[in-house]
Chemist: 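Below: one structure in structure tokens.
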There are 4 protein chains.
Amino acid sequence: MAQKKEAIHQDTKNRIFMTAAQLFATEGYDRVSIRQICEAVGVGKPTLYYYFKDKETLLHELINYSWSISEDLIEKYIENKSDYFEQIRGIIQARKIFAEKYPFFIRFFIMLNIMSVPENIRSALIQYTTNLFTELVRFLQNGQKLGHVAEETDIFILANTMVGTLNQLLMRHFFLDDKDAMSDENLSKLYQFWKNHLFQ
Amino acid sequence: MAQKKEAIHQDTKNRIFMTAAQLFATEGYDRVSIRQICEAVGVGKPTLYYYFKDKETLLHELINYSWSISEDLIEKYIENKSDYFEQIRGIIQARKIFAEKYPFFIRFFIMLNIMSVPENIRSALIQYTTNLFTELVRFLQNGQKLGHVAEETDIFILANTMVGTLNQLLMRHFFLDDKDAMSDENLSKLYQFWKNHLFQ
Amino acid sequence: MAQKKEAIHQDTKNRIFMTAAQLFATEGYDRVSIRQICEAVGVGKPTLYYYFKDKETLLHELINYSWSISEDLIEKYIENKSDYFEQIRGIIQARKIFAEKYPFFIRFFIMLNIMSVPENIRSALIQYTTNLFTELVRFLQNGQKLGHVAEETDIFILANTMVGTLNQLLMRHFFLDDKDAMSDENLSKLYQFWKNHLFQ
Amino acid sequence: MAQKKEAIHQDTKNRIFMTAAQLFATEGYDRVSIRQICEAVGVGKPTLYYYFKDKETLLHELINYSWSISEDLIEKYIENKSDYFEQIRGIIQARKIFAEKYPFFIRFFIMLNIMSVPENIRSALIQYTTNLFTELVRFLQNGQKLGHVAEETDIFILANTMVGTLNQLLMRHFFLDDKDAMSDENLSKLYQFWKNHLFQ
DNA sequence: CATGAATGAGCTTTCATTCAT
DNA sequence: CATGAATGAAAGCTCATTCAT
């Protein structure tokens, strides 16, 4: 019985979670009201407040969850590989899978990078982003040692080029509705481009 | 005398304009209220509505203005140059100047690309962005004819790489408060990187 | 316990309802603000909006209610009677009772016939009024068959005479503050007048 | 020159006057804003305030003007006639002409009888209406002396019947859009009805 | 005689949030 | 675990009116 209750509990909380993610992603955090979320889920407002302290907390939990997915993907598609170029391909692949499987979250995530969000959320985000970037830099420095990245290449610029280009394609995909931007064909061209121009 | 009046008129409208730009840029369109703008400017709400039909119109005019600045810079730093590599340097330079001279506007502009904004504003933005991207593609195709871009290089990927990297650095500058990202030194490294890796 | 809650609910909604009716009747729909209603009732504005979608809906519900009272009275004072002249007396009586028991509503109702109201409300009103008029016409046609109305009498004019006169007396009562207009004595004179001049 | 100026003056004032009458009549006093009037006329708001102290004064002047038209018609169609039944016909005729030639004013006038208007305007209206009613009563008392009205007929009820019926038809015409209500044919039936049922 | 610019007060409506049940 | 009912604060916007010119 307790189990069933727990299950229901999880279900309702999850429905609020997912609905909020979707609404925030498509309309923007500020534009979505608690009422809107509750109506979409089909529960009363006090129910939402039972699960989440306030709107900000809901956002925060959403970010954490979104982030954990992202980390899972990174581990699966990058850290598990041993070949260097496979890992590079993994960087691209992880983004693609994220975009395909969790479109709300990635949209939502891109948004957060720029959106005006409460300060504590902002700093959490910066922390996350910085960590990820640092990992990439380390990966590239290692590539330099291994001879895959030219000695004279500026690692900071290179890292920004990779991240920036991927973000750019995601933005085309999500905000300009350019569905080719993240197509397999295009990402394969991107990989070739990187192999030709950025690595050796 | 009429001149003075006109001047005052322009002054008030301009003050509203600039204040709104600044507030929108730092807090986000939805988070800034009409009252906030008016209080910051020191006028009553009806005064704002005297100059701008509604909040949305204010945003729209802000975008148009911001865009016209951007176009002026593009003309000045890119189209006026004759040497191909000078033009490439101009692309970087124009962004830097924009970021330095009109920080609110660029912040504001980056934000708009992702923010949830009214649909008609969104489509105007897409129009703008698409046009600019098309111009860049044309510029690179020409570079291919001139032999500055390798025959086998994918122009679409290249264009996205350039735009994406610049945006990435701007985001670091504005949203991660990484003031080095747009420093002269770093942009000069970027230019070298492009010369070495993307052009020939 | 649930009963008590329900009672309170109904109470608040009802208090808003009645207060609004009264205010609309005395000051006019446009002149009465939501704030005014809420202050008079002693609740916050969101409470009003909890029960009524918007000001227009409140008006609409008020009209429906007012109308349903009117129909109840018609049934009680007219349709239940069998004698033709008793029914005529009932027409007068129903108006009087309405005016006495629900002065706000009748004031309100007269007002609506002329006031500028939102279009959908206006058409509902026209519908109501037309239906009622049609019933009266049918009643008079029947009277002609029964020989109570002269063969050569124009039914349309007769119906308008009856309705118009009653409205005129109500207007005197409510808007010129002529409290005799709807007095028993006067209405009894009206009945005699109708018997003498309009029927046979 | 002064003449021309005066002419222009009168013209602008008149345009404001007529436009306001039309707007008040169709939308209701409260629903029409000063801005709306000025935009419809094509002048600035201070211009309106130059001619009329405030919105209330504009309404007041409108009522006075409307009233003077009404009195002119009464004189022309009633007081000039010598035959009693010609005068009765004149009562009907005057209303018809008023409705045809000055539709805005009559609409406007009907409205005022019920509308919520500032107190001083309300009392002026009551004054007007009462005077007119008194004149009608006197006319009917005189008819009684002349033998056109039966000895036992209640004059007060008779007067209300006449006024009420005419108002009712006007309301049908203007508010229910029943264009037959004030047609020549129908008014001629009304005259016959009155001759048959109310007079002798 | 007319205008552009400005204002204080007020409008209807919605927000995030909380209470008792 | 969920609900109906309520709230203070604030949103965007418009009102009638006035000033200097």
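Naming convention: chains lettered A, B, ... in sequence-line order (proteins, then strands); numbering from 1 in each chain.
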Chemist: When you check the gap from the basic side-chain N to the acidic O, do B:K45 and B:E39 get nearer than 4.0 Å?
Modeler: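 Answer for the salt bridge query: no.
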
Chemist: I need the CZ-C1' distance between A:R31 and E:dC15, as an integer number of Å.
Modeler: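 Between C1' of E:dC15 and CZ of A:R31: 14 Å.
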
Chemist: Name the pairing partner of F:dG8, where a pair is Watson-Crick or G-U wobble with both distances under 3.5 Å, or state none.
Modeler: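 E:dC15 - that is the nucleotide pairing with F:dG8, both distances being under 3.5 Å.
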
Chemist: Which one is paired to F:dC13, where only Watson-Crick or G-U wobble pairs with both distances under 3.5 angstrom count?
Modeler: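 Base partner found: E:dG10.
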
Chemist: With no angle test and no hydrogens, is the base of E:dT17 tied to the side chain of A:K45 by a donor-acceptor pair under 3.5 Å?
Modeler: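 Looking at the base of E:dT17, it does pair with a donor or acceptor on the side chain of A:K45 (distance under 3.5 Å).
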
Chemist: Rounding to a whole Å, what distance do you find between D:L58:CG and F:dT17:P?
Modeler: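 After rounding, the gap between these two atoms is 10 Å.
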
Chemist: In whole Å, what is the span from the CG atom of A:L59 to the C1' atom of E:dA16?
Modeler: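 Whole-Å distance recorded here is 15 Å.
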
Chemist: Could you tell me how far apart C:F52 (CZ) and E:dT12 (P) are, to the nearest whole angstrom?
Modeler: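 After rounding, the gap between these two atoms is 15 Å.
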
Chemist: Using a cut-off of 4.0 Å on non-hydrogen atoms, how would the nucleic acid contact of A:T47 be classed: base, sugar-phosphate, or nothing?
Modeler: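 Base contact.
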
Chemist: Over all heavy atoms of both residues, which pair between B:T129 and B:W67 is shortest? Give the atoms and the distance, please.
Modeler: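 Heavy-atom minimum between the residues: N-CH2, 4.2 Å.
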
Chemist: Has the side chain of A:K55 got a donor or acceptor atom that lies under 3.5 Å from a matching backbone atom of A:V32?
Modeler: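 A pair under 3.5 Å: yes.
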
Chemist: Between C:G44 and B:K55, which residue's closest nucleotide on DNA chain F lies nearer the 5′ terminus?
Modeler: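 Per heavy-atom nearest nucleotide, the more 5' residue is C:G44.
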
Chemist: What is the separation between atom CD on C:E39 and atom P on F:dG8, rounded to the nearest whole Å?
Modeler: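 Checked: the CD to P distance equals 12 Å.
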
Chemist: Is the phosphate of E:dA6 approached by B:Y51 (side-chain N or O, under 4.0 Å from OP1 or OP2)?
Modeler: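 For B:Y51, the contact criterion (side-chain N or O under 4.0 Å from OP1 or OP2 of E:dA6) is met.
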
Chemist: Is any NZ, NE, NH1 or NH2 atom of the basic residue among A:K13 and A:E61 found under 4.0 Å from an Asp or Glu carboxylate oxygen of the other?
Modeler: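 A salt bridge links A:K13 with A:E61.
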
Chemist: Rounded to the nearest Å, what distance is computed from the CD atom of residue D:E56 to the C1' atom of nucleotide F:dC15?
Modeler: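 Taking CD of D:E56 and C1' of F:dC15, I get 15 Å after rounding.
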
Chemist: On DNA chain E, check which nucleotide each of C:I34 and B:V43 is closest to and give me the residue with the more 5' one.
Modeler: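 That would be B:V43.
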
Chemist: Expressed in angstrom and rounded to an integer, what is the separation of C:Q36 atom CD from E:dA9 atom P?
Modeler: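 In whole Å, E:dA9 P lies 18 Å from C:Q36 CD.
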
Chemist: For F:dA20, which nucleotide in any strand shown is its Watson-Crick or wobble partner with both distances under 3.5 Å?
Modeler: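 Pair assignment: F:dA20 / E:dT3.
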
Chemist: Would you say D:T12 places a side-chain N or O within less than 4.0 Å of OP1 or OP2 belonging to E:dA2?
Modeler: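 Yes, within the criterion.
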
Chemist: Tell me whether the side-chain N/O atoms of A:R35 come closer than 4.0 Å to OP1 or OP2 in E:dC15.
Modeler: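 True: A:R35 side-chain N/O within range (under 4.0 Å) of E:dC15 OP1/OP2.
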
Chemist: Just to confirm, is there a sub-4.0 Å distance from OP1 or OP2 of F:dA11 to any side-chain nitrogen or oxygen of B:S33?
Modeler: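 Result: yes.
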
Chemist: Which nucleotide wins on minimum distance to the side chain of D:P46, given the candidates F:dG8, F:dG4, F:dC19?
Modeler: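 Side chain of D:P46 sits closest to F:dC19.
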
Chemist: Rounded to whole Å, how long is the line connecting atom CG of D:L48 with atom C1' of F:dT17?
Modeler: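 My rounded result for the distance is 11 Å.
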
Chemist: Keeping B:T47 on the side-chain end and B:V43 on the backbone end, is there a donor-acceptor pair under 3.5 Å?
Modeler: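 No; zero donor-acceptor contacts below 3.5 Å.
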
Chemist: Between D:Y50 and E:dC1, is there a contact of a side-chain N or O with OP1 or OP2 at under 4.0 Å?
Modeler: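 Yes, within the criterion.
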
Chemist: Has the side chain of C:T26 got a donor or acceptor atom that lies under 3.5 Å from a matching backbone atom of C:Q22?
Modeler: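 Yes; at least one donor-acceptor contact below 3.5 Å.
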
Chemist: Distance check: side-chain N/O of D:Y49 vs OP1/OP2 of F:dT17, anything under 4.0 Å?
Modeler: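 The answer is yes; a side-chain N or O of D:Y49 sits under 4.0 Å from OP1 or OP2.
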
